[in-house]
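Working notes, beginning with the structure itself.
Everything quoted here is computed from the prediction, not taken from an experiment. Quick note: numbers below take in every heavy atom, side chains included, and nothing from hydrogens, waters or symmetry partners.
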Amino acid sequence: MQEVVRKRPIISARERGPGPGRYALPPTVGYINHDFTKPSSPAYSFHSRMSSAMVSVDSSPGPRYHIDSKVTRFGRMETPSYSILGRGRRIGSELFQTPGPGAYSPERAPPLGAHCRPPSYTISTRTRYRSVDAVPAPNSYSLPNLLGRQVPNKPSSASYSFSGRRKVGAPSEDLSMSPGPAKYNSINPDVYRQRQPSFSMQSRTKRPNYSSANPGPGTYSPEKFYMHLPKPPSCTMGVRHSEFVTPLVVDVAD
């Protein structure tokens, strides 16, 4: 019978393999043997001072040139400058006739390139007509009238005419001779509805007579009338008995 080999789990402490320090990864500093899987930054180097022999070989001057500030990479840029000088000497018997700016006429030059010259006009007198030139004047032509249906090849709007009213055959002809609505008089609404009060304006019927003594508004004293108002009890002071009652005599003198 074969012996059954029992498998056991692997324990890392028992392994005798190389450690992490055994592996050498490519550096990421500098550009020599740099790790190609990593991005590299620009690398600079420090160099020692060059010897005097190299300086003597390169005999070019240093930055000692003085460049004017008016000189740019587009050319010299400065404001115009003028000088005051005396009158020029004569050349021969006459002065040198230098033409001024007004001596040139650039507007008379022919157009150059793609320039177009605008139309130019001149003002002149009327030319005479020759006897052989039978040219009609503008008022000799008469255009056709465009009102109504006069021109067959021109579109025209609707045209209407004014004429007198016809009695026979017109739309207003009354063949049955029946009376119109204006023949009848309208009925007064007071006939078939409730009559409203009516007033009339008439002169005064009787002339007023001022001879009669009619009391005026100031004759009456409505403030003294209080019969319709509640009245409190009133008392008067007077004799107890009547003056015509015979007094009672008790004691009779002898």
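- Inter-residue side-chain proximity for Glu78 and Lys70 is flagged as met; some heavy-atom pair is nearer than 4.5 Å.
- Nearest heavy-atom pair, Asp190 versus Gln196, reported as atom, atom and distance to 0.1 Å: OD1-N, 4.3 Å.
- A 4.5 Å side-chain heavy-atom check between Arg76 and Asp68 finds at least one atom pair inside the cut-off.
- By the 6.0 Å contact criterion, CG on Leu229 is enclosed, its count of non-hydrogen atoms from other residues, nucleotides or ligands being greater than 12.
- Cluster partners of Val191, by chain and number: Ile187, Tyr192. The rule joins Ile, Leu, Val, Met, Phe, Trp and Tyr whenever side-chain heavy atoms lie under 4.5 Å apart.
- Here Thr37 pairs with Asp35 under the side chain to side chain donor-acceptor pair (under 3.5 Å) rule; sequence neighbours left out.
- A distance of 4.5 Å separates CD in Glu223 from OG in Ser221, rounded to the nearest 0.5 Å.
- Between the OG1 atom of Thr28 and the NZ atom of Lys38 there is a distance of 8.0 Å, given to the nearest 0.5 Å.
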